[in-house]
Protein chains: 2
Amino acid sequence: MSPAESPGGLATVDAARDALRARGLRWTPQRRVLVEVVLAAHGHVTGAELIDRCRAIDPDTTPSTVYRTLDTLEELGLVQHSHGLDGGEEYHTLPASEHGHLRCEGCGGSWDIEASEAEALTRALTDSRGFTVNLSHLTVVGRCKGCSPT
Amino acid sequence: MSPAESPGGLATVDAARDALRARGLRWTPQRRVLVEVVLAAHGHVTGAELIDRCRAIDPDTTPSTVYRTLDTLEELGLVQHSHGLDGGEEYHTLPASEHGHLRCEGCGGSWDIEASEAEALTRALTDSRGFTVNLSHLTVVGRCKGCSPT
DNA sequence: ATTAATGCAAACGGTTTGCACTACT
DNA sequence: AGTAGTGCAAACCGTTTGCATTAAT
């Protein structure tokens with residue numbers, strides 16, 4: 001058995017390799033590069049960004065391979081995507097705890113919103129409408145302290 | 001003077017015409033069509049959608065004109081855009097009150113979130129981080145009552 | 001040997017641009 | 001007459017696809 005059943009996140013390169021192989025999928029150099037890049041980013045990155053960073057490691061990186069692998073990783077629950085300020089897709093590793101994102105329109109900064117922080121909202125919506133919030137898809141846009149409207 | 005100073009929203013075709021002319025901008029047939037369509041939609045519509053609906057009225061509608069006019073209308077504060085489930089741009093008229101959106105991943109349904117409903121969240125973020133939420137850019141994704149995970 | 005995955009190149013969809021022309025004021 | 005706005009066509013960007021080839025198992 002593995003050291004510990006990961007709660008779903010992409011914790012290490014080895015975990016990704018194991019997860020893929022466990023499903024009869026293959027572990028390739030290209031996938032290794034992408035997984036490394038995704039892990040190193042531990043934030044929110046667009047597909048195009050990921051391609052660039054992969055190319056920094058392997059200049060021969062191909063878009064189709066990256067996108068296809070991202071799809072695969074998402075199916076395995078190792079990464080997830082949401083949408084950024086410009087509406088573009090953004091990928092991020094699935095961390096131990098589900099969380100939302102905070103984006104500043106001024107500086108472009110990004111922070112996590114913990115479940116506890118969003119609880120007031122999620123509970124309000126559940127109570128009043130029976131609506132279940134997908135926290136990891138939640139992006140709150142606005143202005144951070146430093147970029148506040150004077 | 002106008003009947004009533006609109007609080008910013010796009011209420012009628014005439015209001016749009018007046019707002020444009022007040023800035024030395026022009027009122028054209030194409031703009032009239034788009035404004036009619038946007039008003040009729042009173043929901044969230046993508047740019048592509050708007051183009052289609054405009055074409056239903058005027059088959060000669062051109063994408064560039066629509067997008068350019070949407071930009072103009074947004075500058076005037078008559079419409080605003082946010083992002084949908086797929087990350088695509090969605091336009092909507094600026095209603096009297098600022099509000100967020102609720103989107104169901106299951107059925108694609110869309111509802112408004114009133115300021116009061118989101119207040120718990122906005123206040124929490126303001127208090128703890130000095131972050132000012134842009135409510136009209138807020139889209140909460142999840143599952144509605146009917147589409148709830150069994 | 002099997003078949004998953006890659007690389008290429010082309011297509012895609014929505015949006016944006018440059019430029020000459022049109023038409024609102 | 002003056003200039004904002006239009007229409008066209010081409011470019012753009014990130015993403016997706018088909019297909020023949022390569023390589024992990």
Side-chain angles (χ1 to χ4, degrees), chain A residues 13-14 16-35 37-38 44-55 57-76 78-91, chain B residues 13-14 16-35 37-38 44-55 57-76 78-91:
Chain A
V13 175
D14 287 355
R17 183 202 55 210
D18 294 347
L20 285 164
R21 289 201 169 135
R23 297 232 191 164
L25 303 178
R26 293 170 186 177
W27 185 239
T28 68
Q30 296 84 347
R31 290 185 166 179
R32 167 175 255 284
V33 169
L34 177 58
V35 167
V37 165
V38 169
H44 332 79
V45 215
T46 64
E49 258 294 313
L50 288 172
I51 291 168
D52 286 345
R53 297 191 192 177
C54 283
R55 282 212 233 259
I57 298 175
D58 173 8
D60 294 333
T61 300
T62 296
S64 47
T65 299
V66 171
Y67 286 112
R68 281 192 281 233
T69 300
L70 285 170
D71 286 349
T72 302
L73 293 176
E74 190 156 21
E75 271 164 31
L76 297 199
L78 299 178
V79 302
Q80 208 175 305
H81 80 274
S82 53
H83 300 286
L85 275 184
D86 57 350
E89 306 217 307
E90 297 203 335
Y91 292 86
Chain B
V13 174
D14 288 353
R17 183 202 55 209
D18 294 347
L20 285 164
R21 289 201 168 134
R23 297 233 192 162
L25 303 178
R26 295 172 187 176
W27 185 239
T28 68
Q30 296 83 348
R31 288 185 168 179
R32 168 174 253 282
V33 169
L34 176 58
V35 167
V37 165
V38 170
H44 332 80
V45 215
T46 64
E49 258 294 313
L50 289 172
I51 292 169
D52 286 345
R53 298 191 190 177
C54 283
R55 283 211 234 258
I57 299 176
D58 172 8
D60 294 333
T61 299
T62 298
S64 47
T65 298
V66 172
Y67 286 113
R68 282 191 281 231
T69 300
L70 284 171
D71 286 349
T72 302
L73 293 177
E74 191 156 20
E75 272 164 30
L76 298 200
L78 299 179
V79 302
Q80 210 175 304
H81 80 274
S82 53
H83 300 286
L85 275 183
D86 56 351
E89 307 216 308
E90 297 203 336
Y91 292 86

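Numbers restart at 1 for each chain; the letters A, B, ... are given by sequence-line order, proteins then strands.
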[X] [atom1] to [N] [atom2], straight-line distance once rounded to whole Å:
| X | N | atom1 | atom2 | answer |
| --- | --- | --- | --- | --- |
| A:D71 | C:dT6 | CG | P | 12 Å |
| A:R23 | D:dT25 | CZ | C1' | 18 Å |
| A:R26 | C:dA4 | CZ | C1' | 4 Å |
| A:L34 | C:dG7 | CG | C1' | 16 Å |
| A:L50 | D:dG14 | CG | C1' | 13 Å |
| B:E74 | C:dT16 | CD | P | 11 Å |
| A:E75 | C:dA5 | CD | P | 10 Å |
| A:D18 | D:dT25 | CG | C1' | 15 Å |

Between [X] and [N], is there a contact of a side-chain N or O with OP1 or OP2 at under 4.0 Å?
| X | N | value |
| --- | --- | --- |
| B:T61 | D:dT6 | no |
| B:Q30 | C:dC24 | no |
| B:T65 | D:dG5 | no |
| A:T72 | C:dA5 | no |

Just to be sure I understand the rule, does [X] reach a base, reach only the sugar-phosphate, or reach nothing, if contact means heavy atoms closer than 4.0 Å?
| X | value |
| --- | --- |
| B:T28 | sugar-phosphate |
| A:R21 | sugar-phosphate |
| A:R31 | sugar-phosphate |

Yes or no on side chain to side chain contact (heavy atoms under 4.5 Å, CB included) for A:V35 and A:L73, after CA distance, side-chain angles and deciding distance? CA-CA 9 Å; A:V35 167; A:L73 293 176; 4.2 Å; yes
So B:R53 and B:V45, do their side chains get closer than 4.5 Å, heavy atoms only? yes
[X] has a side chain; which of [options] sits nearest to it?
| X | options | value |
| --- | --- | --- |
| A:R68 | D:dC19, C:dT17, C:dT3 | D:dC19 |
| A:T62 | D:dA23, C:dT6, C:dC8 | C:dC8 |
| B:S64 | D:dA4, C:dA4, D:dA9 | D:dA9 |
| B:W27 | C:dA5, C:dT16, C:dT25 | C:dT25 |

So does A:R17 pair up with A:D14, basic N to acidic O under 4.0 Å? yes
Working to the nearest 0.5 angstrom, can you tell me the gap between B:L34 CG and B:T72 OG1? 10.0 Å
Taking atom CZ of B:R23 and atom CG of B:L76, what is their separation to the nearest 0.5 Å?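 Here the rounded value is 5.0 Å.
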A:L25 vs B:I51, nearer the 5' end of DNA chain C by closest nucleotide: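 Whichever sits nearer the 5' end wins; that is A:L25.
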